[in-house]
Amino acid sequence: MFFFAKELERAIYNWNLGGADAEPAPIFNVLAYGYEYDCQVVVPIENPEDMLSMINVEVLKPGDIITQQEDVGIRFRHLVVNEEGKYFIPIFTSRDEIDKGEPTSTIQQSIKVLFDMVDHWPDCLGFIINPWGQKVFLEKDIVHMLMGYEMRAYTAILRCGVLEPHVSAIVNAANKSLLGGGGVDGAIHRAAGRELLAECRTLHGCKTGEAKTTKAYNIKTADKIIHTVGPIYSGKPTDKLQLASCYQNALEESFKNGNDSLAFPCISTGVYRYPLEEAAYIALTSIANWLDEHPGILKNVYICCYREEEYEAYRKLISHSEERL
Ligand code: AR6
């Protein structure tokens, strides 16, 4: 089950987290899904009192019934941006987002209907999603592009810890006991609270390269935690296979759980000392291979680089592959 509003809010949040270089592809994925599957957004409308003032009635007594010849219709609120009256239509993912601004009447509206209507309003420049919060402008040309957008799984590299992006599941770089430790494992257990440890005890550990899922408890940035155990770097060929299995089994778990967005730390590159560039290469290729083998899965994947060196390793790898293209 895809939670459109939640996933859209998450994609917008993570886009902002990614800073100036971040690609909007994860947001486009969610919007294109919303367009294809007729998902709903909340749209402010002119208040009924305002509509009354539009009706040409001289004297009104209480109890009078007004009959209007023309269809008054419902008018979406406009955010006018220039003297010529050009405007954007504000749309919201949720009530919480609307409540950040002035109180207003609203209706639920299908994003498909809105996008399909955009060319009927000559002065409309497009939509603004969540104008009172982390806003995203969808100018008309973007709306047109989204109407034919091909959804695809997307992998973004973020310079942050795995607890920062908003996703349906985060991945923990755990040890075989699954009972907590240092590094990201310690940070996840501290943030989730003692109930996580209690659930982990019921799992009876995890083999290197495999993955197991728990709830996220007090972690508000994710619904689930997928625990995987990376190899302790030894330089043997099995390291590569085990590290690749971590990524692939975590993706498999998230697929089984129905998670639509997933954040990975750089597994094994901390306490377990895996060389950064090789680890980055294995992470990217294993994720890409898994996604290729599972076409049609919409998933926004984020690789979180807690340390600058990890981020640099990915940047280097990506710029090399761009040079080769
Ligand atoms: N918050 C977020 N990310 C972190 C943090 C943190 N506090 N600390 C490290 N990272 P690591 P491993 C990032 O060492 O190498 C544990 O004791 C780090 O930059 O946590 O797989 C376990 O219990 C890197 O991107 O895990 C195991 O015994 C990623 O987290 C062992 O360490 C993984 O680094 C696993 O070693």
Side-chain angles (χ1 to χ4, degrees), residues 13-14 17-18 155-167 169-194 196-201 203-214 216-222 224-236 238-251 253 262-287 301-318:
Y13 183 91
N14 299 338
L17 190 64
T155 306
I157 316 296
L158 297 176
R159 169 72 180 86
C160 65
V162 77
L163 286 162
E164 288 173 67
H166 290 189
V167 281
I170 55 170
V171 177
N172 181 17
N175 59 50
K176 286 199 264 188
S177 77
L178 292 189
L179 300 181
V184 72
D185 195 10
I188 286 175
H189 273 265
R190 279 193 298 281
R194 296 201 61 78
L196 173 60
L197 183 60
E199 184 176 354
C200 283
R201 282 193 209 286
L203 299 177
H204 308 294
C206 179
K207 290 188 187 137
T208 305
E210 294 186 357
K212 293 187 176 178
T213 306
T214 65
Y217 298 99
N218 295 336
I219 294 175
K220 297 289 170 260
T221 51
K224 298 277 180 189
I225 306 170
I226 298 170
H227 306 262
T228 186
V229 183
I232 301 171
Y233 187 70
S234 66
K236 293 184 193 144
T238 47
D239 293 343
K240 288 187 181 135
L241 298 173
Q242 287 175 331
L243 189 59
S245 295
C246 287
Y247 285 96
Q248 302 211 317
N249 284 326
L251 282 160
E253 276 286 300
L262 182 62
F264 280 103
C266 303
I267 301 164
S268 283
T269 60
V271 175
Y272 285 175
R273 299 253 160 249
Y274 211 109
L276 297 183
E277 274 181 52
E278 186 177 310
Y281 178 79
I282 292 169
L284 281 181
T285 49
S286 335
I287 293 171
V301 179
Y302 301 93
I303 298 179
C304 300
C305 301
Y306 186 62
R307 291 182 294 141
E308 185 61 29
E309 304 92 279
E310 291 165 341
Y311 191 62
E312 281 311 314
Y314 277 97
R315 305 281 302 195
K316 220 161 133 186
L317 200 66
I318 289 164

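For ligands, and for the atoms within them, numbers begin at 1 and follow the listed sequence.
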Ligand-residue contact atoms, ligand 1 with [X], heavy atoms, under 4.0 Å:
{"X": "A173", "answer": "21 (O), 22 (C), 26 (O), 35 (C)"}
{"X": "R307", "answer": "19 (O)"}
{"X": "C266", "answer": "24 (C), 25 (O), 29 (C), 33 (C)"}
{"X": "D185", "answer": "22 (C), 23 (O)"}
{"X": "T269", "answer": "15 (O), 24 (C), 25 (O)"}
{"X": "A187", "answer": "1 (N), 6 (C), 7 (N)"}

Quiz item: So between H227, E310, H189, whose heavy atom ends up nearest atom 18 (C) of ligand 1?
Solution: E310
Self-check item: Nearest candidate to atom 27 (C) of ligand 1, where distance is taken over non-hydrogen atoms, out of F264, Y233, Y272
Solution: Y272
Practice problem: List the steps, then state whether salt bridge (Lys or Arg N to Asp or Glu O under 4.0 Å) holds for E253 with K212. | Solution: CA-CA 7 Å; E253 276 286 300; K212 293 187 176 178; over 6 Å; no
Exercise. Please state which part of R273 comes within less than 4.0 Å of ligand 1, counting heavy atoms only: side chain, backbone, both or neither.
Key: neither
Keeping the roles fixed (side chain from [X], backbone from [Y]), state whether a donor-acceptor pair exists under 3.5 Å.
{"X": "N249", "Y": "A211", "value": "no"}
{"X": "N175", "Y": "G181", "value": "no"}
{"X": "E199", "Y": "L196", "value": "no"}
{"X": "T221", "Y": "L163", "value": "yes"}
{"X": "R159", "Y": "Y306", "value": "yes"}

In the protein, what heavy atom is nearest to [atom], and what distance, to one decimal place, separates them?
{"atom": "atom 30 (O) of ligand 1", "value": "V184 CB, 3.4 Å"}
{"atom": "atom 10 (N) of ligand 1", "value": "Y306 CD2, 3.4 Å"}
{"atom": "atom 15 (O) of ligand 1", "value": "G270 N, 2.8 Å"}

Quiz item: Which residues satisfy the salt bridge (charged side-chain N to carboxylate O under 4.0 Å, His left out) test with E277, sequence neighbours excluded?
Solution: K316
Min N/O separation [X] to ligand 1 under 3.5 Å:
{"X": "I267", "value": "no"}
{"X": "V271", "value": "yes"}
{"X": "G182", "value": "yes"}
{"X": "A174", "value": "no"}

Quiz item: Any side-chain heavy atom of V184 within less than 4.5 Å of one from N172?
Solution: yes
Quiz item: Should Y13 and E164 count as side-chain neighbours, where that means a heavy-atom distance under 4.5 Å?
Solution: no
Quiz item: Are F264 and Y247 close enough that their ring centers fall under 6.0 Å?
Solution: yes
Quiz item: Among S268, C246, S245, whose side chain to side chain contact (heavy atoms under 4.5 Å, CB included) with T228 holds?
Solution: C246
Quiz item: Do any heavy atoms of S268 fall under 4.0 Å from ligand 1?
Solution: yes
